Amino acid sequence: MLAQNKVFALVDCNSFYVSCERVFRPDLAQKPVGVLSNNDGIIVAASAELKALHIGRGTPAFKIKHLLKKYDIHLFSSNYALYGDMSARVMRSLEKFTPNLEVYSIDEAFLELTGINCPNWQQYGQKIKASVEKWTGIPVSVGIASTKTLAKLANTVAKRYKKFNGVFNLVAHPKFKQVLQSIPTPKIWGIGRRYAEKLQRYGIHDAWQLSQCEDKWIEKMTTITGLRLVKELRGISCIDLELDIMPRKNIVSSKSFGKLVTDLSKLKHAVSQYTTRAVEKLRQQNSLAYQIMVFIQTNRFRQEAQYANYRSARLETPSAYTPDFVKIANKMLTEIFRPGYNYQKAGVMISDIISHKYAPLDLFAPCYLDDERKTLADFSDRINDKFGRDTIQLASSGVEQDWKMRREQLSPRYTTCWNELPVVQS
DNA sequence: TCTGGGGTCCTAGGACCC
DNA sequence: TCTGGGGTCCTAGGACCC
């Protein structure tokens, strides 16, 4: 039996965070709009109108403050409760088109359409696009091709030219070569700045040239990952859809402070809270972990004494009990803390994670799953789930918490909080 | 004053063992 | 004195993604 040619679609929400905000603020439809990172630090999502002003992803908010009035720019603090909820709605809409759906990120999904008897993929893509927009209010772009990498590429074409109305199909495209020639290497999924520079030195500037590279050579240049990518550009599908949601292998919780921190006690509060958050995520995915790492750092942009350090430790038996980790984290923090610096950021990383199904039996040390620690953790998770995050929290997280991040432009939680539902004016 | 946060995979090189 | 060679495991660093 011949291998069936595969068909993938990549559906990508346009300026996703901005589009989420606009669903509830239709008055901002044609205006320059941006969404800020934590601490209102940098732009993480920019509308087309904002990009047209040469203000894109990564621009520090303070650098454009003087332009806000002049161009009628609207900025929002990031509102992940809203974006997560909108994302789930988009994904549910996409599920109507295929059971083979990979949620690739908060604003992107791959659909495998192999086997669907469709005479016109362009039309099918338009149908997907129109449906998602109708059901959720979020505009999307659709790229269709025979591999995931080419579907990504088709998606950038769909976004680039207005005439395609947000959908581009590369399956059996008569100008396949020209399309690939129009894509510069850094735009290719899997080629970042470093590899793009490296390839440029050998005269490789676009996707077509890359697809023509010799296997051995490209593997030497970009490892096995790059070779796989090149094969995908040639239309040979090497990256399958990932349908299973795999548990995280690392869980990080870290944040910049709303204002610089100098004393250990406040750092401890922050680290306690980040650890709490990370271990909550660990429990959510039914895992236990052995390892925790703590780090602190000063602000590298400031002209002043710099310090950064980290330390990690291993638990004797794996756990998902917050105090087990907080105790060690604070001990390590004390060890790496040096007085006299302005700290800007702290964080923890939990690693060496296993499923609770594989928790080792230890005759001499009590297992987290078997003792009262689990009961306590489950109880506080249920309370916090019902009454809101941090309803129950450790005393070590502090009460004052003046180091917490700034979110001065926060939009209401339109979809996730009863008190903040949008009001229809009559 | 003000510059994000959270992930994955691959490889080279060192430590250690036989 | 001569100082081998193969295997595994671990980690740090580099690359990428959203």
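The structure presented is a predicted model; accordingly, all values stated were derived computationally and were not measured. The chains referred to below are lettered A, B, ... by the order of the sequence lines, with proteins before strands, and numbering in each begins at 1.
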Go through A:Glu232 and A:Arg228 one step at a time and tell me if the salt bridge (charged side-chain N to carboxylate O under 4.0 Å, His left out) criterion holds.
CA-CA 6 Å; A:Glu232 286 243 319; A:Arg228 204 169 52 204; over 6 Å; no

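Distance from the side chain of A:Lys65 is smallest to B:dT1 among B:dG5, C:dA12, B:dT1. Distance from the side chain of A:Glu108 is smallest for C:dC18 among the nucleotides B:dT1, C:dC16, C:dC18. Out of B:dC2, C:dC18, B:dT3, the shortest distance to the side chain of A:Tyr104 is found at C:dC18. Checking B:dG6, C:dC18, B:dG4 against every side-chain atom of A:Ser253, the shortest atom distance belongs to B:dG6. Minimum atom distance to the side chain of A:Ser254 is reached by B:dG6, of the listed B:dC2, C:dC18, B:dG6. Here B:dC2 is the nucleotide among B:dT3, B:dC2, B:dG6 with the atom lying nearest to any side-chain atom of A:Leu260. Proximity note for A:Lys152 (side chain, C-beta onward) versus B:dT8, B:dC2, C:dC17: the nearest is C:dC17.
Remark: A:Lys198 is not positioned above the aromatic ring of A:Tyr195, lacking an NZ or CZ atom under 6.0 angstrom from the ring centre and at most 45 degrees off the axis. A cation-pi arrangement is absent between A:Lys345 and A:Phe257 under the rule of less than 6.0 angstrom and at most 45 degrees off the ring axis.
Residue A:Lys220 places none of its side-chain N or O atoms closer than 4.0 Å to OP1 or OP2 of B:dT11. At C:dC17, none of the side-chain N or O atoms of A:Ser105 fall inside 4.0 Å of OP1 or OP2 (strictly under the cut-off). For A:Asn299 and B:dT3, the shortest distance from a side-chain N or O to OP1 or OP2 is below 4.0 Å. Listed pair A:Lys249 / B:dC9 meets the phosphate criterion, a side-chain N or O lying under 4.0 Å from OP1 or OP2. Side-chain N/O atoms of A:Arg228 include none lying less than 4.0 angstrom from OP1 or OP2 on B:dC9. OP1 or OP2 of B:dG7 has at least one side-chain nitrogen or oxygen of A:Lys281 nearer than 4.0 Å. For A:Asn250, a side-chain nitrogen or oxygen approaches OP1 or OP2 of B:dT8 to under 4.0 Å.
Separating the CE atom of A:Met221 from the C1' atom of C:dG14 is a distance of 15 Å, rounded to the nearest angstrom. Rounded to whole Å, atom C1' of B:dC9 lies 14 Å from atom CE of A:Met246. Following rounding to the nearest Å, A:Lys259 (NZ) and B:dT1 (C1') show an atom-to-atom distance of 12 Å. Between the CD1 atom of A:Ile224 and the P atom of B:dC9 there is a distance of 15 Å, given to the nearest Å. In this structure, A:Ile188 places its CD1 atom 18 Å from P of C:dA15, rounding to the nearest Å. Between A:Arg193 atom CZ and C:dC16 atom C1' there is a gap of 12 Å when expressed in whole angstrom units. To the nearest angstrom, P of C:dC17 lies 14 Å from CG of A:Asp107. Between the NZ atom of A:Lys345 and the P atom of B:dG6 there is a distance of 8 Å, rounded to whole Å.
Across all strands, A:Ile191 comes closer than 4.0 Å only to sugar-phosphate atoms, never to a base (heavy-atom distances). Counting non-hydrogen atoms under 4.0 angstrom, A:Arg57 reaches a base of the nucleic acid. No contact: A:Lys198 has no heavy atom under 4.0 Å from any strand. Looking at heavy-atom distances under 4.0 Å, A:Ile251 makes contact with sugar-phosphate atoms alone, never a base.
As the counterpart of B:dC18, C:dG5 is assigned, both hydrogen-bonding distances of the Watson-Crick or G-U wobble pattern falling under 3.5 Å.
Taking for each of A:Pro247 and A:Phe301 the nucleotide of DNA chain B with the nearest heavy atom, the 5'-most of the two is the partner of A:Phe301. Mapping A:Thr225 and A:Val44 onto DNA chain B by nearest heavy atom places A:Val44 closer to the 5' end of the strand.
Exactly one residue among A:Lys281, A:Gln285, A:Glu280 makes a side-chain contact (heavy atoms from CB on, under 4.5 Å) with A:Arg283. That residue is A:Glu280.
A:Asp40 and A:Gln409 form no side-chain donor-acceptor contact under 3.5 Å, judged by distance and modelled atom types alone. Between the side chains of A:Thr225 and A:Thr223, at least one donor-acceptor pair of N or O atoms lies under 3.5 Å.
Here, B:dC16 and C:dG4 have their C1' atoms 16 Å apart, quoted to the whole Å.
In the displayed structure, A:Arg160 atom CZ is contacted under 6.0 Å by more than 12 heavy atoms of other residues, nucleotides or ligands.
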